[in-house]
Amino acid sequence: MTRRSVPIVDRVTDAFFALDTDFRFTYVNDRAETLLKRSRAELIGRVMWDEFPQTVETQFPDGFHRAMDEQVPVSFEIYHAQLETWFEAQAYPSEDGLSVYMRDVTDRKSQETTLAQHAAVVEAVHDGIATLDRNREIVTVNTAMEEFLGSDRDELVGEHVEIVPELAAIDDDDAIEIGRAITDVDIGTAETRTVEAPFTDADGTDRMGEFRFVPIEDDTATVAVVVRDVTDQYEYERIAASLHEITRWLLESDDRQEICAIAVHAGSDLLDLPISGVWLLEQEQGYLEPVAGTAGAHDEFGGLPRFHPNEGLVWEVFEAGDVERFDDLEAVDGLYNPETPIRSEIIAPIGTHGVIMTGSLEPHQFDETDVELVSTLAENTRAALDRAARERVLRERTSELERQTERLEGIADVLSNDLKRQLKSVANGLTVDSETDWEFPLEEQSIDGRERGADDPSNDWEFPLAENSVVETLDRAERLIDDVREFARNASTVRSRSRVRLDRVIEEAATASRLEENAVFVERAATLRADPDRLIYLLETAFDDVAARANAESVAVRVGLTGIDEPGQSRGFFIEDDAPENPPVATDQLLDPTTEYHAAIDGLGLTLVRAIAEAHDWNLEIETEDTVGTRIDVRGVMTLEARE
């Protein structure tokens, strides 16, 4: 190198340095000083490998020795770890040594790395991607786009974008909209555009696609097309919208079976769940009763089973209260029917009402989307059943309040008239005749007891309000008031039912009643589901009615079961007594507490018994013997079971 050439080399933008045949620095320009982070004074005359020992492990030695030995130019790229810089090195040999040009290409390498990463990502994504130039010709496509169109990239690159709607069977209107979107993005009218259009995939299946167009900065391409298959999302949104419409149908009905039928048919038609059913909890029996099923379920099984407590997965899920998906029932323990042809299923609780279940003959047929949709259907069904139950209770409560209002008005008359009659009777020192309602007027008695009516049966007179009479009257009045209070606080309302021993509640009721000890004989022990408190009150009231009709005479009461050993007969129990007086026979009299029946002073009697029985959905019948004795039959007790 000559001195006259130095100023020119100093002016070049690339780093430049010269080495002699021993690889000693003979020249370093300004840019090289900057890149190598050394001054000329520090480098001139020094051997490159001594000053930069780390380069011995790089391509520098091989490249420079080759250029020197073979006298040929060499070019290579190298990363300088200490400087954290990529260099492009070019060495030109001469007889005196080497002239080396070095260019910092870190930015270019970073860009290339980024592009390579982007290309890898583009190839890896499931979305189809293509780039277009200003002539709307395809520049690049990824593998997903090849699969999407069913064509190789060699067949696509260079073709006009119109080939995409043609291969995907996109209709003309949507193809025109796609063309407009490309133009809007290309000329800058819109930053991005998205078009949804149905298409046919390479397998001939109808799908829904989302075509997204974005601008790109590239030497050749100007617009990128991203195609995403949104069929599942589109179908989910369509089904979700339809479920909202079905919810409206569900909420318009107040019939439980109709609500469940709508639910299963919606699952069959809308969600493509042909084997589905709904089971509701039978409150008295305590099992899950099938109330609605699809045609596919009936065709497959010939009917849906009933699930008792701790029977199968359905009961387990109902008790747990969470939706469950079973992908392969062959790998699940505790099946109700181990031989079932169902291989996968979803079971969703409908609140505390029951469950909805859908199944498939193939394993792994349901995904999280199916679980979410079935859960939504179950929740909508629950809301409809809740509403139906509230309206039914409201109607029944309104009707009951109307009946209670009429009854309480009559009861008020009983309370007033019977207490008035009883007090009047005591005040006159006479007992009221229940048939004639005859009483001796107080006015006809003299103060000294010497002047009385002609028909006075006795000349020995006592002040009528003796302590025993008053206590007995007040006691009887208090019992009547208790019954009125019981009736007024909805005696016909039944709380949660539980399984009770009939013989034990009979014993408890008999002890609390006014019957003599051991007056009640129970023929056979049994169990049933009932509100324990209300059942005891029913029995106690019935026993008190017997005691009132016994007129202080000894009486025997027999309690037995009916329908247990008689197939086809309604199950229940009876209370039979031998009291000398019978209650009114007419049904309407039993429901009317204003009946002229002197035992009413002891309480509402059989009026209350019937109210509590009907609240349990049982029937009450009265049979009176021609001579002596009364039998009260309580029928329709479906949960009654005999015990040894």
Does [X] reach the side chain of [Y], with side-chain heavy atoms less than 4.5 Å apart?
X    : Y    : answer
V227 : V164 : no
L361 : P341 : yes
D186 : R136 : yes
N310 : E319 : yes
V195 : F213 : yes
S344 : D328 : no
L36  : E51  : no

(message) Could you walk me through whether W315 and V355 satisfy the side chain to side chain contact (heavy atoms under 4.5 Å, CB included) test, starting with their C-alpha distance in whole Å, then the side-chain angles of each, then the deciding distance to 0.1 Å, before giving a yes or no?
(response) CA-CA 9 Å; W315 188 269; V355 298; over 6 Å; no
(request) Establish, from distance only, whether the side-chain atoms of S94 and D96 form a donor-acceptor pair under 3.5 Å. (result)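 No - no donor-acceptor pair under 3.5 Å links their side chains.
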(message) I'd like to check the side-chain hydrogen bond (donor to acceptor under 3.5 Å, both in side chains) partners of R392; sequence neighbours left out, ordered by chain and number.
(response)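 For R392, no residue satisfies side-chain hydrogen bond (donor to acceptor under 3.5 Å, both in side chains) once neighbours in sequence are set aside.
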(message) Can you confirm whether D333 is buried at CG, in the sense that more than 12 heavy atoms of other residues, nucleotides or ligands lie under 6.0 Å from that atom?
(response)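 Not more than 12 within 6.0 Å, no.
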(message) E258: which residues meet the salt bridge (charged side-chain N to carboxylate O under 4.0 Å, His left out) condition with it, sequence neighbours left out?
(response)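 With neighbours one apart ignored, the set is empty.
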(request) Compute both the distance and the angle, then confirm whether R38 meets the cation-pi test with F52: under 6.0 Å from the six-membered ring centre, within 45 degrees of the axis. (result)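 Checked: cation-pi criterion met.
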(message) Cation-pi check for F366 against R325: NZ or CZ below 6.0 Å from the six-membered ring centre and within 45 degrees of the axis, yes or no?
(response)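 Not flagged: R325 not positioned over aromatic ring of F366.
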(message) Between F17 and N29, does the side chain to side chain contact (heavy atoms under 4.5 Å, CB included) criterion hold? Intermediate values first, please.
(response) CA-CA 6 Å; F17 58 87; N29 74 350; over 6 Å; no
(request) Scan for side chain to side chain donor-acceptor pair (under 3.5 Å) pairs involving residues 351-360, sequence neighbours excluded, and state none if there are none. (result)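 Qualifying pairs: S276-T358, H353-D386.
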(request) Sort and list the pairs that fulfil side chain to side chain donor-acceptor pair (under 3.5 Å) and have at least one residue in residues 156-178, not counting sequence neighbours. (result)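 Of all non-adjacent pairs touching residues 156-178, those that pass side chain to side chain donor-acceptor pair (under 3.5 Å) are E177-R193.
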(message) Rounded at 0.5 Å granularity, tell me how far CD1 in I182 sits from CD1 in I187.
(response)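 I182 atom CD1 to I187 atom CD1 measures 12.5 Å (nearest 0.5 Å).
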Can you tell me how the ring of [X] sits relative to the ring of [Y], calling it parallel under 30°, perpendicular over 60° and tilted otherwise?
X    : Y    : result
F16  : Y101 : tilted
Y336 : F307 : perpendicular
H65  : F23  : perpendicular

(request) Just jot down the ring-ring contact (aromatic ring centres under 6.0 Å, His included) partners of H298, sequence neighbours excluded, or say none. (result)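 ring-ring contact (aromatic ring centres under 6.0 Å, His included) list for H298, sorted by chain: empty.
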(request) Quick one: do R212 and R228 satisfy side chain to side chain contact (heavy atoms under 4.5 Å, CB included)? Show the steps, please. (result) CA-CA 8 Å; R212 189 162 179 260; R228 174 169 295 177; over 6 Å; no
(request) Please determine if E362 and R343 form a salt bridge, counting it only when a charged side-chain N lies under 4.0 Å from a carboxylate O. (result)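 Looking at E362 and R343, the cut-off is not met.
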(request) Check side chain to side chain contact (heavy atoms under 4.5 Å, CB included) between A168 and all other residues, then give those that pass, not counting sequence neighbours. (result)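 Result, side chain to side chain contact (heavy atoms under 4.5 Å, CB included) vs A168: F148, L149, I170, F199.
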